[in-house]
Amino acid sequence: MAFPDERITALWQAMAECWARGDAPGFAANFSEDCDFTTVRGDKPPGRAGIADGHAALFRGAYRGSTLTAHVRQIRYPHPDIATVNAESTVTGPDGVPLADTHALAVVQRDATTGRWAITAFHNMVPLRGNRTS
């Protein structure tokens with residue numbers, strides 16, 4: 001069985017596309033219903049609905065009109081249906097000025113019934129300057 005890296009990286013691409021549209025429900029659709037999500041501030045929104053609500057507020061506020069550029073840096077498969085993902089992202093304002101760099105460690109799992117991959121745990125943080133892996 002080939003490992004589905006492209007299906008996993010597609011989750012980050014979909015998040016970036018939804019971010020650019022300000023589509024919070026679409027952004028949150030990449031996460032499982034009960035995702036364990038930690039924001040850069042350490043907040044813990046409750047599952048997919050909480051992720052959607054939090055991002056809707058961001059898209060209406062400080063990040064209105066911004067874009068997200070995401071780069072999956074590493075995928076590791078401790079089990080064929082589970083992957084850990086290290087990803088880095090940059091949020092850029094509508095004026096082209098970078099607003100934030102983030103790093104995330106995520107757990108992505110394939111649903112045995114549907115075959116769909118979704119993010120089940122996501123810990124987002126802002127790294128110290130100069131600590132990017134790229």
Side-chain angles (χ1 to χ4, degrees):
M1 176 179 128
F3 288 123
D5 288 3
E6 61 282 349
R7 290 187 182 168
I8 291 171
T9 57
L11 294 169
W12 271 261
Q13 180 62 36
M15 283 190 284
E17 291 168 1
C18 290
W19 187 292
R21 292 191 307 268
D23 177 3
F27 182 90
N30 296 287
F31 298 87
S32 65
E33 191 69 37
D34 62 347
C35 182
D36 182 358
F37 189 97
T38 304
T39 72
V40 295
R41 294 178 313 277
D43 297 328
K44 302 281 290 179
R48 184 186 298 150
I51 295 165
D53 291 345
H55 283 80
L58 288 175
F59 298 155
R60 285 190 311 267
Y63 290 146
R64 182 181 190 95
S66 66
T67 58
L68 177 74
T69 305
H71 300 282
V72 171
R73 297 295 182 201
Q74 180 185 41
I75 301 172
R76 188 173 85 60
Y77 296 90
H79 184 276
D81 292 336
I82 297 173
T84 59
V85 179
N86 280 287
E88 294 176 345
S89 301
T90 299
V91 177
T92 304
D95 58 0
V97 175
L99 301 174
D101 289 320
T102 65
H103 177 88
L105 175 60
V107 176
V108 181
Q109 187 168 355
R110 188 180 73 84
D111 183 286
T113 304
T114 66
R116 179 182 179 269
W117 288 85
I119 302 166
T120 59
F122 191 88
H123 191 112
N124 209 8
M125 54 87 67
V126 175
L128 294 173
R129 292 194 181 272
N131 283 358
R132 290 184 66 101
T133 58
S134 58

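Values in this document were obtained by computation on a predicted structure and should not be read as measured data.
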Which pair of heavy atoms, one from [X] and one from [Y], lies closest together, and at what distance?
X: R116; Y: A118; answer: NH1-CB, 3.1 Å
X: I119; Y: A106; answer: CG2-CB, 4.1 Å
X: T84; Y: P78; answer: N-CD, 4.3 Å
X: W12; Y: V85; answer: CH2-CG1, 3.6 Å
X: A83; Y: I75; answer: CB-CG2, 3.9 Å
X: D95; Y: V97; answer: OD1-N, 3.1 Å

Legend entry - Single-linkage hydrophobic cluster, 4.5 Å side-chain cutoff, F37 and V107 together: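 Different clusters: F37 never reaches V107 through Ile, Leu, Val, Met, Phe, Trp or Tyr contacts under 4.5 Å.
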Legend entry - Within one Ile-Leu-Val-Met-Phe-Trp-Tyr cluster: V126 and L99, side-chain cutoff 4.5 Å: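 In one cluster with V126: L99, no.
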Interatomic distance, [X] atom [atom1] to [Y] atom [atom2] [nearest 0.5 angstrom]:
X: F31; Y: L11; atom1: CZ; atom2: CG; answer: 8.5 Å
X: M15; Y: I51; atom1: CE; atom2: CD1; answer: 9.5 Å
X: L105; Y: T38; atom1: CG; atom2: OG1; answer: 10.5 Å
X: D34; Y: T120; atom1: CG; atom2: OG1; answer: 8.0 Å
X: I8; Y: R110; atom1: CD1; atom2: CZ; answer: 11.0 Å

Inset, instruction - Determine whether T39 and N124 make a side-chain contact, defined as any pair of heavy atoms from C-beta on separated by less than 4.5 Å. - result: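 No - every pair of side-chain heavy atoms lies 4.5 Å or more apart.
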Inset, instruction - With side-chain contact (heavy atoms from CB on, under 4.5 Å) as the test, would you mind laying out the steps for T69 and S89 before giving the verdict? - result: CA-CA 5 Å; T69 305; S89 301; over 6 Å; no
Legend entry - Contacts of type side chain to side chain donor-acceptor pair (under 3.5 Å), residue N86, not counting sequence neighbours: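 So N86 forms a side chain to side chain donor-acceptor pair (under 3.5 Å) with Q74, H103.
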Legend entry - Sidechain-backbone polar pair: H71 side chain, R73 backbone, donor-acceptor under 3.5 Å: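 Here the side-chain-to-backbone pair does not exist.
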Inset, instruction - Could you note down all residue pairs passing salt bridge (charged side-chain N to carboxylate O under 4.0 Å, His left out) where residues 40-50 supplies at least one of them, sequence neighbours left out? - result: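 Qualifying pairs: E33-R48, D36-K44, R41-D43.
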Can I get a per-line list of side-chain donor-acceptor pairs under 3.5 Å for residues 18-29, giving both atom names and the distance, sequence neighbours left out?
unit_1: W19; atom_1: NE1; unit_2: S66; atom_2: OG; d: 2.8
unit_1: R21; atom_1: NH2; unit_2: D23; atom_2: OD2; d: 3.4
unit_1: D23; atom_1: OD1; unit_2: G26; atom_2: N; d: 2.8

Inset, instruction - Walk me through it: do D101 and T90 pass the test side chain to side chain donor-acceptor pair (under 3.5 Å)? - result: CA-CA 4 Å; D101 289 320; T90 299; 2.7 Å; yes
Legend entry - Candidate pair I82 and Y77, rule side-chain contact (heavy atoms from CB on, under 4.5 Å), full reasoning: CA-CA 6 Å; I82 297 173; Y77 296 90; over 6 Å; no
